[in-house]
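Heads up: the structure comes next, in structure tokens.
Predicted model only: the values in this text are computed from it and were never measured.
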Amino acid sequence: MLKTPSPTATAASGHAEGVSNDEFRAALSRLAAGVVLVTAQEPPLDPDDPDAPGMEDVGMTATAFMSVSLEPPLVMVSLRTGSRMDDLLDEQPRWAVSVLTESQRHIAGRFAMKGRISDRLLFEDIPCTRGEASGAPLVGGALATLECHTEQRVQAGDHTLVIGRVLTAHVPSAEGGPLLYFRGRYRQLG
């Protein structure tokens, strides 16, 4: 009798048999996603050394961000395991999210670059306010800003799902539509 693999059989790569990385990426690139900037403050490397650099702002562009619950208010962001932001949010429980507008594409591009310059320079000319609950930068002109406290971290394949309780949520009077990510490019509605 000839055995056929079950539809859920997993290949050595971790994908179901017959699904390549390229096919998976192509299929999911058809899902439009909002673009956010996740920010946090990195504690000083050596708090006992008065000459050591102080708190440093860190930012990362994310498209895998979503609402999880209304009661209590929870959101989730997916971070590549072992990334700088994943490591930071493992130590720093408070972080922030700025929902970017279509006119803030340059901010998304800056914080998504590989091999980028220091975050200090990336934040230099971006209007930000400091979050009251997290101390993290909140982008001026964003469609919405949230400050969060990590409730749970879940390992999922090569990513960490960070679930945060929303501590503050503000909707400034920002004009314009949301910045979207679709088919590998930043887009806008309409």
Side-chain angles (χ1 to χ4, degrees), residues 8 10 14-16 19 21 24-25 27-43 55-101 104 107-114 116 119 122-123 126 128-172 174 178-182 184 186:
T8 58
T10 303
H15 287 283
V19 179
N21 286 351
F24 181 71
R25 277 192 197 102
L28 273 288
S29 76
R30 281 10 182 227
L31 177 65
V35 182
V36 301
L37 184 68
V38 179
T39 58
Q41 279 196 317
E42 189 169 49
M55 297 287 254
E56 177 129 356
D57 294 329
V58 177
M60 182 201 88
T61 301
T63 56
F65 176 78
M66 63 182 279
S67 166
V68 173
S69 168
L70 184 60
E71 288 294 328
L74 299 174
V75 293
M76 185 210 69
V77 65
S78 179
L79 308 172
R80 187 175 36 81
T81 301
S83 67
R84 181 174 183 197
M85 189 61 76
D86 179 41
D87 292 344
L88 177 55
L89 295 189
D90 193 28
E91 297 173 13
Q92 167 61 278
R94 294 208 172 188
W95 43 283
V97 174
S98 297
V99 179
L100 300 179
T101 69
Q104 294 174 320
I107 295 172
R110 244 185 227 195
F111 287 91
M113 289 186 305
K114 292 184 188 218
R116 63 187 198 208
D119 284 13
L122 295 178
F123 278 108
I126 297 173
C128 291
T129 59
R130 187 103 8 228
E132 294 174 23
S134 66
L138 302 170
V139 176
L143 290 176
T145 60
L146 305 146
E147 292 181 273
C148 306
H149 184 277
T150 300
E151 292 274 312
Q152 188 176 4
R153 293 172 55 86
V154 178
Q155 293 305 306
D158 58 1
H159 276 64
T160 303
L161 308 179
V162 180
I163 300 169
R165 180 182 294 257
V166 178
L167 304 173
T168 69
H170 297 285
V171 181
L179 180 61
L180 300 175
Y181 193 72
F182 179 70
Y186 295 119

Heavy-atom pair with the smallest gap, counting every atom of [X] and [Y]:
{"X": "Val58", "Y": "Glu42", "value": "CG2-CB, 3.9 Å"}
{"X": "Leu143", "Y": "Val171", "value": "O-CG1, 3.6 Å"}
{"X": "His149", "Y": "Leu167", "value": "CB-CD1, 3.9 Å"}
{"X": "Leu179", "Y": "Thr101", "value": "CB-O, 3.4 Å"}
{"X": "Leu122", "Y": "Ile126", "value": "O-CD1, 3.3 Å"}
{"X": "Ser98", "Y": "Ala142", "value": "CB-CB, 4.0 Å"}

Could you list the donor-acceptor pairs under 3.5 angstrom formed by side chains in residues 63-75, with sequence neighbours left out?
unit_1 : atom_1 : unit_2 : atom_2 : d
Ser69  : OG     : Glu71  : N      : 3.3
Ser69  : OG     : Glu71  : O      : 3.2
Ser69  : OG     : Pro72  : O      : 2.8

Using side-chain contact (heavy atoms from CB on, under 4.5 Å), reason through Asp57 and Asp119 one step at a time and then give a plain yes or no. CA-CA 7 Å; Asp57 294 329; Asp119 284 13; 5.8 Å; no
Straight-line distance of [X] [atom1] to [Y] [atom2], nearest 0.5 Å:
{"X": "Gln152", "Y": "Arg165", "atom1": "CD", "atom2": "CZ", "result": "12.0 Å"}
{"X": "Phe123", "Y": "Leu37", "atom1": "CZ", "atom2": "CG", "result": "5.5 Å"}
{"X": "Arg80", "Y": "Asp87", "atom1": "CZ", "atom2": "CG", "result": "9.5 Å"}

Show me, pair by pair, the donor-acceptor contacts under 3.5 angstrom made by side chains of residues 88-95, not counting sequence neighbours?
unit_1 : atom_1 : unit_2 : atom_2 : d
Asp90  : OD1    : Arg153 : NE     : 3.3
Gln92  : OE1    : Arg94  : N      : 3.2
Gln92  : NE2    : Gln41  : O      : 3.2
Arg94  : NH1    : Ala133 : O      : 2.9
Trp95  : NE1    : Thr150 : OG1    : 2.8

Mind running side-chain contact (heavy atoms from CB on, under 4.5 Å) on Leu100 and Tyr186 for me, showing each step along the way? CA-CA 11 Å; Leu100 300 179; Tyr186 295 119; over 6 Å; no
Within a 6.0 Å radius of atom CD on Gln155, are there more than 12 heavy atoms belonging to other residues, nucleotides or ligands? yes
Enumerate donor-acceptor pairs with a distance under 3.5 Å from any side-chain N or O in residues 134-141 to protein atoms, sequence neighbours excluded.
unit_1 : atom_1 : unit_2 : atom_2 : d
Ser134 : OG     : Ala136 : N      : 3.1
Ser134 : OG     : Glu147 : OE2    : 2.7

Carefully, step by step, assess Met60 and Leu79 under the rule side-chain contact (heavy atoms from CB on, under 4.5 Å). CA-CA 9 Å; Met60 182 201 88; Leu79 308 172; 3.2 Å; yes
